[in-house]
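Please read the structure below before turning to the comments.
Atoms considered below: every heavy atom in the structure, side chains included; atoms not considered: hydrogens, waters and symmetry mates. Along the sequence shown, residues are numbered consecutively beginning with 1.
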Amino acid sequence: MTLRTLRALTAAFFLCFAALVTWPGYVPFNRVEPLILGLPFSMAWIALWVVLSAVALYLLDRAEQRKRED
């Protein structure tokens, strides 16, 4: 996978992130039950996206480091 493709996929991921944690994309997930690791579902939903964004940025950084080393 080229670096350009990976950057485009990361940008698409963050567009999905923005759509699914703001209104109206957040509406189906705006509830308290079930509790996930002690968090209400709506808070766990946002926490999941924050963790996924950290993973996405880490993977992009690793790919860019490999490209700089070449």
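- Checked against side-chain hydrogen bond (donor to acceptor under 3.5 Å, both in side chains), T2 has the following partners two or more places apart in sequence or in another chain: T5.
- Hydrophobic clustering, defined by side-chain heavy atoms of Ile, Leu, Val, Met, Phe, Trp and Tyr closer than 4.5 Å, groups L59 together with V55, Y58.
- Residues P28 and R31 come closest through the heavy atom pair O-NH1, 3.0 Å.
- Here salt bridge (Lys or Arg N to Asp or Glu O under 4.0 Å) pairs that include residues 16-29, with residues two or more places apart or in two chains, number zero.
- The other residues sharing a hydrophobic cluster with F14 are F13, F17, L20, V21, Y26, F29, I36, L37, F41, W45, I46, L48, W49, V50, L52, L57, where clustering joins ILVMFWY side chains under 4.5 Å apart.
- Using a 4.5 Å cut-off between side-chain heavy atoms of Ile, Leu, Val, Met, Phe, Trp and Tyr, L15 forms no hydrophobic cluster with any other residue.
- Shown here for E33 and L35, the closest heavy-atom pair between the two residues is OE1-N, 4.1 Å.
- Each side-chain hydrogen bond (donor to acceptor under 3.5 Å, both in side chains) pair with one or both residues in residues 12-21, not counting sequence neighbours, would appear here, but there are none.
- Residues satisfying the side chain to side chain contact (heavy atoms under 4.5 Å, CB included) test with E69, not counting sequence neighbours, are none.
- Contacts classified as side-chain hydrogen bond (donor to acceptor under 3.5 Å, both in side chains) and involving residues 6-24 (residues at least two apart or in different chains) are given here: R7-E64.
- Note: the hydrophobic cluster containing L60 also contains M1 (ILVMFWY, side chain heavy atoms under 4.5 Å, direct or indirect links).
- In the model, Q65 has a side-chain atom that pairs as donor or acceptor with a side-chain atom of R62 under 3.5 Å.
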